[in-house]
Structure formats: structure tokens, C-alpha cells
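Worth knowing before you read on, the calculation uses all heavy atoms, side chains too, and leaves out hydrogens, waters and symmetry mates. All of these numbers come straight from a predicted model, not from anything done at the bench. Counting from 1, the numbers follow the sequence of the chain as shown.
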Amino acid sequence: MSGGPEQQQDEDSHNSFVAEDSQQCAVQTDSVCADLFPRAKQILLPSDSEAEVPHLQELSKPSDLPPVGQFSQVYWPNQCKVIRDRIEHIDWIPTTPEPMYTPTGLEMMPPYQPPDKGTVVYLGEEANTASCFMYSQVRGLCPMKQVLHQKLDNTLIFEARFESGNLQKVVKVNDFEYQLTLRTDLYTSRHTQWYYFQVSNTQAGMPYRFTIVNFTKRNSLYKHGLRPLLYSEADAKKHNVGWRRTGNEIKYYKNNVGEGGHQYFSLTWTFQFPHDRDTCYFAHCYPYTYSNLQEYLVDISKDPEKSKFCKIRILCRSLAGNIVYVLTITNPPESGNDTKRKAVILTARVHPGETNSSWIMKGFLDYILGNSHKAQQLRDTFVFKVVPMLNPDGVIVGNHRCSLTGKDLNRKYKCKVKKCYPSIWYTRNMIRRVMEKRDIFLYCDIHGHNRKQNVFMYGCERKQQPKAPYLQPRAFPLLLSKNCPDKFSFPDCRFRVRKSKEGTGRVVMWKMGINNSYTLEASICGSKLGWRQSTHFDTKDLESIGQHFCDALLNYSVHNEMPGTETQHKIFQESDPVEKVKLPITASAKQVGKDFSPERLTHDAEGNGRNTSVPQKSRKSVWPDINLSTRESFRSSSFNLISQKTKKHDGRSVSSSSEKTFQYLKGHDRIAKSNSKKEERKMESLPLKPERLRKNWTASQDVNCRKSKSCQARNTLQFSLPLLPQAKNRQPAAKYQDVYWSPSSSANEGP
């Protein structure tokens, strides 16, 4: 490996950064040169044995570097041929959220075209003929176009031999219908999900149909309204319009193709090109390439302010020789010693086809590198270690899931063979090295999800959680759901550690001692929540997730050294109620139980009768991840809230709203541990009795609970609720319009 002296210190202290030669991280040209970024020192773990692995070709000599003014070289497997042109796209945000596709029931399933029929108009390189990756080179240049038809006609011209492109074969069925086959991940026979290709020689206004015939996943978001992305170079140049959703008659279905015992699925859609003789692109999700990342890092290094608190280092080189970057972000400490600062670790893009994770990471970095007061507070409080792209090789070649080993890197965090999985090996040991200097407050690996909607998190928890409330793994996702209620779904979060996930970053870091260890999942499609229901995520939405992550982290930190930091979210306030039941402005727990009796629930404010029966499906959807016996605990745990005064936990001051979150979660855990799994399953199958239904409805109010100052001596809980009509002269009712309880809320209306 190259990339700087092995003994170069990668100190966390800002003073050490200031003492370094300022020229080390300077960018003298428009390229990111490996020699300008010093290598980070790592602690080497002994390995019992290292099997034979694909070897890395000696890296380029200085004379082989690109001329001044060109971008940094990108290393490809030697058998991959690449076109000369570099593909670039403009940023553009739709004026309104783009709706998902609504099936009409009339979508057709085109028949599969056998290989010996039709006209092959594109055939990619047979990259998977080799058994494994052997060596890389800077670029394997090839002619710009590969046109297999004999005469100039209206046949579309396809191309995918560019960075992150993926297309293996295209067959022309008729003048306006094409059958496409995606290339599997290199050195595998699987993982066809990501696609990104170019189409030229277009005709405007004609009804084209594309059908991709070799998907391997049985379920797909294309069944639930996901639409392909289209980019027109003519629209970008003339109208400054970028990626947008397209497609009608969209259908995802099982086809009759089967090879080697594999079942394949097809995606078909119709569309019209916007311009004649245009060059267009189609993609599964918004592309974010390795070159895009390098450009972003160049901009940071050139910024005189950002470069003071953001240091870019080379973590390692990938199997093909591409640089894996690590960023250290923190403000210089006033005392000159920042060892008391805790660390926050973020990684992304371990799966190449989950490009939305890079857009979330971009939003996070834009926020944390900004000059806002909150960004300053975060940099004063934490040392951030960020690895923005763990799998650059897979991103470059257009893989969906794997690296050049043909393996999923997110299952290799327990592996000690660093030659096969260098980015994972060095990331794990970088984190271990950080743990020797400081506590790690939170670890998060950012992903995209291809089968579920919304944004959610996976965490880790034991059967018996520690008593310290800030170590509860559910607290941070709950805060994030309050920051981002129209995109983030807390009911979709899961905290179970499955055996099949033991090699993932989330679980390995948790077992290393990081209690707040998460995987953040963002849907490739869009949201089912609030006003964003049935709309796609765009790049601005994805970047906003990274920004909300920062806000939630600031609220969650509750640090003594952060004056004025206080959780601003009402954890128990319900979003988007449908039915509004009004109660007196203050009421004790006993009064609330009386007011929400089964008899009262059968009448609205005007005394009209209501049907109190709740279908079993509706009851379950309101509490998707909580068993029935645990639900009963919410009423008692919700009433066990502390006063507005700040309490102490392990030397930390915890604000009242944050304490509500922790008490909420502690009550849940305490009751859950007192019941056996057998009893829980038995209780789940029984219908709710009126008394239990009353308890559950009372607990699900999510009202703004607090202790009244006049009643603190008696320790009587008070509830801030809307005024009854006859009490309007006491206080304006409009102040409480956003606090209601809804007995008919369901999971379809948001968390």
C-alpha cells in the first residue's frame, strides 16, 4: 500500500493539526493527489492466517499521473473498458414532491425475448468471465460508442461503460421496445438491482417501452409506486432541469426466465423522450460517484475556514488502489486538550447501489461544516470521524452490493484478513484506536433500503439494558422521528440483534462497547407519512435527513458544557390527529382515566354516538413493534415523568423533555422484561377487553405531560390539554390547537 508514510500520526487533537505542515493537505491542482493526504496510522491486529487473495498491481508511477488540471485518477479492474467522456449531471430539485405511480390494473407483462431472437444493439464487456479480481489500471479506454446495428436508423444507442454505469446487454424487440439485461456484481452471479445507463438517438413524443429482465429480488418498491429516474441533457442545458421521475404502465413481476435454478423478475415501464436526438440517462436512484466525492473533498480542502476544523486523511487504499478517505471534524479546544470530548463515528456507501446514503452523508457534512450556532456547538462537543465511502471500487464499477472480492463488506467486520477487505479492516481499527483516547458517543452506518418506505433505524439492545438512561438505544431514533415526522418512522425501527447480522458494522461496534450503535436506512422510494405520503424522496429530502440527524444529535447530547441546549420536541405529542377529544386544561391521572372511560369514548363533544370497536389490524398497526403486555406499561410509565427541574444522570444534566423520552423507554423495557415470550404471544392473540382498551387509549394520547408548580408538593401530575368551550374565558384555546388525542389514529397516519 502507498499513500503516505506509515508512521504518520493521525492525531485527534486540533493542536496537532495546527502543528502539521499546512502543505500536506493543500490541493495544488484540480485533482486530489494521494501524496498530498498523509496516511492515518493504524493499530495492526495479528492475523492467524491470511489465505491467498487477489493481489494489487503496483500503483502508478508519478509519470503516469494525469496532467495538471485533470481530476484524480480512478482505478478500474484491468478488464473493464471505459469511455473517454466523463459523465456529469446538474443538481436540480422539483418544485413539488413527485408522486409515486398508482397502478391502474391494466399494466401488461411483455413476453421474454429469447437470446436467438431480436437484434442485439448493446453488449457490455464480459467482465465476469474471470474468476476473481487480479489487478487494476487507471483507465482502459475504448471508443465512445458501441453500435452493433448495421445502418443508421432510429435505433436507440445505449452506453454504460462509465463510472457507476451498469448494463450488460440490450435487445431491440421492435422499433420502440427494448429488452435490457443488467450486469451482475463483478465476480458474482447475483445482485442485480442497481442500474444506470445512457441512451441517445432519441425520438420525442414516441411511446417507448423498456423491460429489465434479470432482477433477482422477489419483492421490490416498484410494486409500491417507485418510478425510474430520467435525465435529459437537452433539458439540463436549455431549462436547467435535472433528474426527474418518469414512467407509466410500471409493473414488477416474475418472468419465465430461469437459469441455474435462479428465478428472475422483470421491471417494465413506458415513457416518452422529451427531445429529438437527445442524450438521456436512466437510473435506479440519484447517482453519486466516487469522482463526485473527490470533488466535494477538494472543495473542503480549498475552503480556508472549513479546512481549519476538518482534516482529510487517507484511511487506506481499496483492493483496486482507490483512496478510502477519513475526515476528522472538531473545533479547537480552548484548554488545548480535547480528550474529554466524545467521538461520533459515521460511515456510508458500504453497498454501492445505495446511492441515497451518499446524499444523506452530504447533508450531514454540509450541516456540520457550516457556520451556524448549532454546528459550532456540535464541533465544540464532539470529535467526528467520518468515512464517506467505504466501498469505492464497487461504486466505480457499478456494483449493487459487493466489493471486488464478490463479497458483501457489511458482513466482514469480524474478519481479520485485511488484504481482502482493507476499508473494513482499517475502519474497525481506526475506531478501536479512537476508543483508547475517548468515549464513543454514537456510531451510525448509513444505508438505502429497496423494499421498505420511509426512513428508519436499526439498533442493538440486550435483554437487560443498563440503567443509565442516555444509553437506551431507542432514545436517539425517537428524537430523530420527532425532528423529521414526515420522513422518519419510529415504528419501523428495530432493535433486535439477529444471528445473520453479527458481521455487520452496527453489531460489531456494539459488541466492542458502543452502546448507541445504529444502521440508518433510507428508502430508495419515498415516504408514507404525513403530507409526504405517496411521494418520492429527492436529493434535497435525502440531504435533509443528514441535517435532522445533526439536530437530533444535539438534542440527545444534553451536555453540561453546552449552555442553552435543550430538547425542543414534545415526545408525547401526537402528529396529525383525525378526531379531537377535548378535556379540561388541567387534570390529574385519575381524572384522565375517568374522562377516557369506555362510556365517554362512545360520544363526541356534541354527544353523538361513536363506534368504539377497533379492528385487530388497526390495534396492531398503532404499536407495530411492541407486544400487548408492554403496551399496558405505557400508561404507568408515561405518568411516571419527572418534574421540569433538571435531573442528574452520571454527571450529565438532562433536560425535562429528554428525561421524558428516557422515562418512556425505561418503562417500556422494565415491563417487557417481566413477561415471558409465551405469555406475550398468548396475550397478543386475545381480543382487547374494554378495560384494557381504555388503558391503551389513555396511554396513546401522547399529551404534553408536566407537573403543575402548584401541585409539586403533592406530586400530582397535571396535563396540558385544550380548553372546553365553557372555559374559553380562562385562556385562548388556539394555543392548544396542536395538542389532541385521537382514538382512531393508525400507523398509516405516521408514527
### Message
Before you tell me yes or no, could you show the steps for Glu295 and Arg86 under salt bridge (Lys or Arg N to Asp or Glu O under 4.0 Å), namely the whole-Å CA-CA distance, both residues' side-chain angles and the distance that decides it to 0.1 Å?
### Response
CA-CA 13 Å; Glu295 290 175 326; Arg86 180 163 174 241; 2.9 Å; yes
May I ask you to check whether [X] and [Y] show a side-chain donor-acceptor distance below 3.5 Å?
X      : Y      : value
Arg313 : Thr328 : no
Asn292 : Thr289 : yes
Thr405 : Ser403 : yes
His89  : Tyr288 : no
Asn450 : His284 : yes
Asn331 : Gln376 : yes
Asn454 : Ser523 : no
Arg349 : Ser358 : yes
Glu163 : Ser291 : yes

Which atom names give the shortest non-hydrogen contact between [X] and [Y], and what distance separates them?
X      : Y      : value
Cys280 : Asp278 : SG-OD2, 3.4 Å
Leu390 : Tyr413 : CD1-OH, 3.5 Å
Cys525 : Met100 : SG-CE, 3.5 Å
Leu520 : Cys444 : CB-SG, 3.6 Å
Cys415 : Arg428 : O-NH1, 2.8 Å
Asp393 : Ser318 : OD1-OG, 2.6 Å

Output, in order, the C-alpha distance, side-chain angles, deciding distance and verdict of side-chain contact (heavy atoms from CB on, under 4.5 Å) for Ser423 and Leu409. CA-CA 9 Å; Ser423 63; Leu409 292 182; 3.9 Å; yes
Determine, step by step, whether Ser220 and Arg451 satisfy the side chain to side chain donor-acceptor pair (under 3.5 Å) criterion, reporting the C-alpha distance in whole Å, the side-chain angles of both residues, the deciding distance to 0.1 Å, and the verdict.
-> CA-CA 5 Å; Ser220 171; Arg451 288 179 292 172; over 6 Å; no
Report the distance from atom [atom1] of [X] to atom [atom2] of [Y], rounding to the nearest 0.5 Å.
X      : Y      : atom1 : atom2 : value
Asp445 : Thr347 : CG    : OG1   : 3.5 Å
Tyr443 : Ile345 : OH    : CD1   : 9.0 Å
Ile360 : Glu354 : CD1   : CD    : 10.0 Å
Tyr426 : Leu315 : OH    : CG    : 8.5 Å
Ser481 : Phe476 : OG    : CZ    : 10.5 Å
Ser527 : Asp541 : OG    : CG    : 9.0 Å

Does [X] reach the side chain of [Y], with side-chain heavy atoms less than 4.5 Å apart?
X      : Y      : answer
His400 : Asp185 : yes
Val397 : Pro77  : yes
Tyr281 : Val199 : no
Ile323 : Arg317 : yes
Leu346 : Phe364 : yes
Lys487 : Ile545 : yes
Asn356 : Phe537 : no
Tyr290 : Met389 : yes

Does the [X] side chain pair with the main chain of [Y], one donor and one acceptor, at a distance under 3.5 Å?
X      : Y      : answer
His191 : Asn399 : no
Asn429 : Arg432 : no
Asn166 : Gly398 : yes
Ser517 : Ile514 : no
Glu159 : Gln198 : no
Trp359 : Tyr286 : yes
Lys437 : Arg433 : no

Decide yes or no on side-chain contact (heavy atoms from CB on, under 4.5 Å) for Arg227 and Tyr222, but give the supporting numbers first. CA-CA 7 Å; Arg227 304 171 76 192; Tyr222 288 107; over 6 Å; no
[X] and [Y]: aromatic ring centres closer than 6.0 Å?
X      : Y      : result
Phe382 : Phe441 : yes
Tyr367 : Phe549 : no
Tyr231 : Trp243 : yes

Step-by-step side-chain contact (heavy atoms from CB on, under 4.5 Å) determination, Leu404 to Leu186:
CA-CA 6 Å; Leu404 294 185; Leu186 287 186; 4.0 Å; yes
Residue pairs meeting salt bridge (Lys or Arg N to Asp or Glu O under 4.0 Å), one or both in residues 364-380, sequence neighbours left out, come to Lys362-Asp366, Lys374-Asp551
Notebook entry, point to check: Hey, does the Lys NZ or Arg CZ of Lys452 hover above the aromatic six-ring of Phe456, less than 6.0 Å from the centre and inside 45° of the axis?
Noted result: yes
For the residue pair Phe197 and Phe158, categorise the inter-ring angle as parallel (less than 30°), tilted (30 to 60°) or perpendicular (more than 60°). tilted
When Asp439, Thr330, Thr381 are each screened for side-chain hydrogen bond (donor to acceptor under 3.5 Å, both in side chains) with Arg341, the one that passes is Thr330
Contacts of [X] that satisfy side-chain contact (heavy atoms from CB on, under 4.5 Å) - sequence neighbours left out:
X      : result
Asp299 : none
Asp408 : His351, Arg401, Asn410, Arg411
Lys540 : Ile93, Asp538
Thr519 : His447, Tyr458, Arg506, Glu521

Residues at least two apart in sequence or cross-chain that pass salt bridge (Lys or Arg N to Asp or Glu O under 4.0 Å) with Arg244, listed by chain then number, are Asp235
Problem set entry | side-chain contact (heavy atoms from CB on, under 4.5 Å) between His536 and Leu226, intermediate numbers included | CA-CA 7 Å; His536 289 92; Leu226 176 62; 3.9 Å; yes
